[in-house]
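First the structure, in the form of structure tokens, and then the observations on it.
Both backbone and side-chain heavy atoms feed into the values below; hydrogens, waters and symmetry mates do not. Chain identifiers are assigned alphabetically (A, B, ...) following the order of the sequence lines, protein sequences preceding nucleic acid strands; residue numbering begins at 1 within each chain.
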There are 2 protein chains.
Amino acid sequence: MASIKITPEPTIRRLPKYVHLLTILKHKGVKSVSSTMIAESLELDSTLVRKDIEATGIVGRPKTGFLVDKLIMALREHLNWNNEDDAFLIGAGSLGAAILGYKGFRECGLNIVAAFDNNPAKIGTVIKNVPVLDYTKLEEHCRRMHIHIGIITVPAPVAQQTADALIRGGVRAIWNFSPTQIATPQWVVVEYAQLTMSLAVLKRKLRETELTDNSIQETK
Amino acid sequence: MASIKITPEPTIRRLPKYVHLLTILKHKGVKSVSSTMIAESLELDSTLVRKDIEATGIVGRPKTGFLVDKLIMALREHLNWNNEDDAFLIGAGSLGAAILGYKGFRECGLNIVAAFDNNPAKIGTVIKNVPVLDYTKLEEHCRRMHIHIGIITVPAPVAQQTADALIRGGVRAIWNFSPTQIATPQWVVVEYAQLTMSLAVLKRKLRETELTDNSIQETK
DNA sequence: ATAATATCAGTAAAATTATATCGATAAATA
DNA sequence: TATTTATCGATATAATTTTACTGATATTAT
């Protein structure tokens, strides 16, 4: 019976923070770190940090904590950052270009090898060292290069058909930057990266603090 | 006694999806919609959708559902998208420029009125119709223009000092795109918008599905 | 006018996630 | 060497979030 311990999403979201903090500590020459210390730096509960670390399989030592080096490696391994995945990006607009230009994804095991667009003026050009290819050839290229990750940065109305093409090409995971829901078979992982979501949280919380600070009362 | 019903974060994150879907329906001429229908489109549980809508205060009618127009307005009101907030963006690099170039934030009640940078070559220029000003004048401008939202797109090592300047200038909410934790007084809302978080979820889930599909067993 | 049906609203239950507690253990100190 | 202390790991509790259930109600069809 297969038994992969699936990691809770809230945990996964915290892990990159740990990697970042630990990397800074490592550069400072720190050799070991306790969950207490991590928790204080990141304003979390220390038990929560220990639980999260548990997911990586690393065990610590009383009084000392965890070895920074080993912990970083285990976290990166758990997040699969040590295995580089090639990916295609579809939609070479301003958002697409920004993503192509961001160097940090390499560090997370993501290598964008080509972009696709249906604009003839863009096809054949190179953006941030990444070639822009013809959208109509997307499926074919996916299959030929065994691409497993597709990044969707096309306008909302064409997001679904883009996803369909990727899936026909054999893609297993889609990072969707369009605001639209896309329907996929269950074996395809879809992660929504929507800044509006994050902005919504920011603006709502700002309002909530404003309202509570001023002690305004809402009806009912 | 002040009593603002604070909305759970998972709910807030789903609300923009509803707005997007409903706006499409509205353009199609649909007048009313049921939670069941929303749930099916967005692959959620219908009770969850109803609970989320409850947060806006809108009530539906049996058999019919909710009026699309009213629901959109209520959602936008709840998210405070109808009140436009002016904001500053600090760090006019590639990520900053991409954010400045994205038109969709206007729709969410965010208006970026100026960018700041410490690079003399950039100061005085205009990026995507937004003027780039001198970073050393940040605090002063914040105070003078009564800016409440700051967007941090500076490199990690200077994120904290940028936040400090914003807070001294009276900012109440910070949208932090740097991967670093920033310390703030409790009255300041901080929202982390980190693509690496989202990517981490994508890559981890991809791995989990790969492992379970192949029925590989992990020790313990 | 009556019956059938889809849906809402409220309550209850389940699942997930976070926090608290406690004994065990390695390091530091007396 | 004995004692103190910080921290781990495990278990238990609490809080949050999601899902399930039930009765009421508006619309549609007969």
Side-chain angles (χ1 to χ4, degrees), chain A residues 4-15 17-18 21-22 25 30-68 70-71 74-75 78 192 197 200-201 204-205 208 219-220, chain B residues 4-15 17-18 21-22 25 30-68 70-71 74-75 78 192 197 200-201 204-205 208 219-220:
Chain A
I4 307 304
K5 255 269 274 347
I6 72 153
T7 307
E9 225 183 277
T11 295
I12 302 176
R13 278 211 283 269
R14 284 186 294 267
L15 298 188
K17 279 196 171 187
Y18 300 158
L21 172 66
L22 292 169
L25 292 176
V30 177
K31 294 298 177 205
S32 66
V33 65
S34 69
S35 59
T36 318
M37 190 276 185
I38 295 176
E40 273 168 19
S41 301
L42 266 34
E43 292 174 18
L44 298 169
D45 190 279
S46 71
T47 310
L48 184 60
V49 173
R50 235 173 299 142
K51 274 258 164 74
D52 287 343
I53 290 174
E54 198 178 288
T56 69
I58 285 287
V59 295
R61 318 183 63 184
K63 190 86 179 183
T64 312
F66 304 86
L67 291 176
V68 173
K70 280 184 71 174
L71 192 46
L75 286 165
H78 192 75
Y192 293 82
M197 252 192 222
V201 175
R204 174 65 199 174
K205 286 199 177 164
E208 281 172 0
T219 48
K220 209 238 144 168
Chain B
I4 306 305
K5 254 270 273 349
I6 72 151
T7 307
E9 225 183 277
T11 294
I12 301 176
R13 278 210 283 269
R14 284 186 295 268
L15 299 188
K17 279 196 171 187
Y18 300 158
L21 172 66
L22 292 169
L25 292 176
V30 177
K31 294 298 177 203
S32 66
V33 66
S34 69
S35 60
T36 317
M37 189 278 186
I38 296 175
E40 274 168 17
S41 300
L42 266 34
E43 292 174 17
L44 298 170
D45 190 279
S46 70
T47 310
L48 183 60
V49 173
R50 233 173 295 136
K51 275 262 160 71
D52 287 343
I53 291 174
E54 199 178 288
T56 69
I58 285 287
V59 295
R61 318 183 63 185
K63 189 86 179 182
T64 312
F66 303 86
L67 291 176
V68 173
K70 279 184 71 174
L71 191 47
L75 286 164
H78 191 75
Y192 293 83
M197 252 192 224
V201 175
R204 173 64 198 174
K205 285 197 177 167
E208 281 172 0
T219 47
K220 210 237 143 162

> Within this structure, what is the CG-to-C1' distance between Asp45(B) and dC21(D), rounded to whole angstrom?
Replying inline: 12 Å
> Base, sugar-phosphate, or nothing: which does Ser35(B) touch, judged by heavy atoms less than 4.0 Å apart?
Replying inline: sugar-phosphate
> Quick one: Leu67(B) CG to dT7(C) C1', roughly how many Å, whole number?
Replying inline: 14 Å
>> Categorize Thr47(B) for me: base, sugar-phosphate, or nothing, with a 4.0 angstrom heavy-atom threshold over every strand shown.
In response: base
> Rounded to the nearest Å, what distance is computed from the CD1 atom of residue Ile6(A) to the P atom of nucleotide dT17(C)?
Replying inline: 8 Å
> Rounded to whole angstrom units, what separation is found between the CG atom of Leu48(A) and the P atom of dC8(D)?
Replying inline: 13 Å
> Taking atom C1' of dA18(C) as reference, at what distance in whole Å does atom CD of Glu43(A) sit?
Replying inline: 17 Å
> Nearest 0.5 Å, what's the CD1-CG distance between Ile38(A) and Leu48(A)?
Replying inline: 11.0 Å
>> Can you see if the side chain of Arg50(A) gets near the phosphate of dC8(D) - specifically, an N or O under 4.0 Å from OP1 or OP2?
In response: yes
> Atom CG of Asp52(B) and atom P of dT19(D): how far apart are they, to the nearest Å?
Replying inline: 10 Å
> How far apart are the closest heavy atoms of Tyr18(B) and Leu42(B), and which atoms are they?
Replying inline: CD2-CD2, 3.4 Å
>> Regarding Arg50(B) and Glu54(B), does a basic nitrogen lie under 4.0 Å from an acidic carboxylate oxygen?
In response: no
> Which part of the nucleic acid, if any, lies within contact of Arg61(A), taking any heavy atom under 4.0 Å across all strands shown: a base, the sugar-phosphate backbone alone, or nothing?
Replying inline: sugar-phosphate
> Ignoring hydrogens and geometry, is there a side-chain-to-backbone donor-acceptor pair from Glu208(A) to Thr7(B) under 3.5 Å?
Replying inline: yes
> When you check the phosphate oxygens OP1 and OP2 of dT7(C), does a side-chain N or O of Ser34(B) lie under 4.0 Å from one of them?
Replying inline: yes
> Could you give the CZ-to-C1' distance, from Phe66(B) to dC8(C), as a whole number of Å?
Replying inline: 7 Å
> What integer distance in Å separates Ile38(A):CD1 from dC8(D):P?
Replying inline: 8 Å
>> Between Arg14(A) and Lys63(A), which residue's closest nucleotide on DNA chain C lies nearer the 5′ terminus?
In response: Arg14(A)
>> Need to verify one output field. Residue with the more 5' nearest nucleotide on DNA chain C, Lys51(B) or Pro62(B)?
In response: Pro62(B)
> Any donor and acceptor pair, going by atom type alone, linking the side chain of Arg204(A) with main-chain N or O of His78(B) inside 3.5 Å?
Replying inline: yes
